[in-house]
Amino acid sequence: MTELRERLRALPSFPPDLPRFDPEHDPADAPADPRTLFVAWFEEALAAGAPTPQAAVLATADPAGVVRARTLIVKDVTDDASWLFATHRTSPKARAAEANPHAAMTFFWPTRGRQVRVEGAVRRLPDDAAAADFSARPEASRAATLVGRQSEALGSRAELAHAFDASLARVRADPDLVDPAWALYAVDAVRVEFWQAVSGGGAVRWSYERDAVGREWRAGLLWP
């Protein structure tokens with residue numbers, strides 16, 4: 001354990017050359033709404049070759065307060081600052097979101113020294129939006145979704161392969177087939193934080209919080 005601790009402490013957290021972020025003095029770094037800044041950071045991460053910049057860790061809690069987290073792909077960020085993700089309604093994250101409709105998401109782009117944290121209420125979007133999302137998925141992804149039974153105990157990989165082959169045959173026989181249990185969810189942000197590591201140590205934290213009455217955004221710096 002001592003050797004591992006020493007190795008962990010010796011590893012660099014971020015590369016030495018990090019982007020500048022000064023929302024206190026540069027208006028371009030402090031737009032009026034978090035979506036605008038998120039899109040700018042996402043585009044910069046994409047241009048810099050950050051791996052899978054559209055991936056985020058989604059954390060949910062069940063009614064008993066048991067927290068679970070997993071990495072998923074974010075499908076869109078709407079103009080009113082809703083972060084969208086999709087899943088099967090029988091999945092643990094869907095069951096948690098339906099029972100306790102609050103969630104947090106974290107994007108992490110280590111090569112940029114950046115993370116974005118999103119917190120808000122979860123709501124399920126209409127069935128037609130979920131159907132459109134399902135239809136836009138690749139053939140293999142649609143087949144995998146139709147298998148269902150996410151997070152249930154699996155007897156063998158052969159059992160999974162058989163179920164997947166059967167689902168793939170269904171998709172190929174009916175390309176317009178939509179899984180009625182597929183769901184599209186929105187995390188309606190009430191708080192979004194942008195965290196930028198600083199070369200040489202420290203960080204800049206810039207937070208947006210939505211006014212519960214006027215639905216306007218208040219922004220400001222946070223202590224690191």
Side-chain angles (χ1 to χ4, degrees), residues 13-14 18-48 50-61 65 67-87 93-94 96-98 100-125 129 133 183-199 202-224:
S13 299
F14 302 106
L18 294 172
R20 174 183 173 276
F21 180 54
D22 188 7
E24 184 180 15
H25 300 107
D26 188 345
D29 286 345
D33 67 279
R35 182 189 185 276
T36 300
L37 185 54
F38 175 83
V39 171
W41 276 28
F42 172 79
E43 294 291 353
E44 291 175 15
L46 189 64
T52 324
Q54 74 276 32
V57 174
L58 173 74
T60 57
V67 178
R68 292 183 173 88
R70 72 291 286 167
T71 303
L72 48 67
I73 299 301
V74 171
K75 298 303 187 79
D76 195 8
V77 184
T78 66
D79 290 341
D80 58 351
S82 294
W83 273 253
L84 308 189
F85 70 93
T87 186
K93 54 184 170 290
E98 297 281 355
N100 183 2
H102 302 279
M105 308 180 86
T106 302
F107 294 83
F108 183 43
W109 302 311
T111 58
R112 306 289 290 168
R114 287 175 170 174
Q115 63 177 313
V116 180
R117 299 173 56 220
V118 180
E119 300 172 7
V122 183
R123 61 186 169 91
R124 179 156 51 89
L125 299 183
D133 179 83
L184 187 64
Y185 290 90
V187 178
D188 296 328
V190 295
R191 186 173 183 275
V192 185
E193 180 189 324
F194 295 81
W195 188 97
Q196 171 69 67
V198 176
S199 297
V204 177
R205 296 176 63 189
W206 183 249
S207 176
Y208 292 85
E209 291 198 37
R210 198 191 287 271
D211 184 335
V213 178
R215 306 298 289 170
E216 299 295 327
W217 291 102
R218 299 188 303 268
L221 292 167
L222 299 177
W223 283 84

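Numbers here are sequence positions counted from 1. Hydrogens, waters and symmetry mates play no part in the numbers below; they use all other heavy atoms, side chains included.
- Taking every heavy atom of both residues into account, W206 and A30 meet most closely at CZ2-CB, 3.7 Å.
- Residues R215 and D80 form no side-chain contact, since every pair of their non-hydrogen atoms from C-beta on lies 4.5 Å or further apart.
- Residues D22 and V204 are not in side-chain contact: their nearest non-hydrogen atoms beyond the backbone lie 4.5 Å or more apart.
- If you take CH2 on W109 and CG on L46, they are separated by 10.0 Å, rounding to the nearest 0.5 Å.
- Checked by atom type, the side-chain pair T60/R70 shows a donor-acceptor distance below 3.5 Å.
- Side chain of Q54 to main chain of D76: no donor-acceptor pair is present (N/O by atom type, distance under 3.5 Å, no hydrogens or angles).
- For the pair R112 and W41, the cation-pi criterion (under 6.0 Å, within 45° of the ring axis) is not fulfilled.
- Taking both residues in full, the closest heavy atoms of V74 and A56 are given as CG2-CB, 3.9 Å, listed atom of the first, atom of the second, then distance.
- Contact detail for L18 and T111: the closest heavy-atom pair is CD2-O, 4.4 Å.
- Here the side chain of R205 pairs no donor or acceptor atom with the backbone of W195 at under 3.5 angstrom.
- For F42 and W83, the ring centers sit 6.0 Å or farther from each other.
- Using modelled atom types, one side-chain atom of R210 and one backbone atom of A189 make a donor-acceptor pair closer than 3.5 Å.
- Between the CG atom of L222 and the CZ atom of F194 there is a distance of 12.0 Å, given to the nearest 0.5 Å.
- Taken from CG in D133 to NZ in K75, the straight-line distance is 3.5 Å, to the nearest 0.5 Å.
- Counting only heavy atoms from C-beta outward, the side chains of E119 and E193 never approach each other to under 4.5 Å.
- Contact of the T78 side chain with the L84 side chain is registered, since non-hydrogen atoms from C-beta on lie closer than 4.5 Å.
- Taking all atoms of both residues into account, the shortest heavy-atom contact from V192 to P34 is CB-CB, 3.8 Å.
- Atom CZ of R35 and atom OG of S82 lie 10.5 Å apart (nearest 0.5 Å).
- Judged purely by atom type and a 3.5 angstrom limit, R123 has no side-chain atom pairing as donor or acceptor with the backbone of D188.
- With values rounded to the nearest 0.5 angstrom, R191 atom CZ is found 5.5 Å from E209 atom CD.
- For P31 against Y208, the heavy-atom pair with the smallest separation is O-OH, 2.7 Å.
- Side-chain rings of F38 and F107 approach one another, their centers coming within less than 6.0 Å.
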Checklist entry - Please walk me through it: do V57 and F108 pass side-chain contact (heavy atoms from CB on, under 4.5 Å)? => result CA-CA 9 Å; V57 174; F108 183 43; over 6 Å; no

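- Closest approach of Y185 to T87, counting heavy atoms only: CE1-CG2, 3.8 Å.
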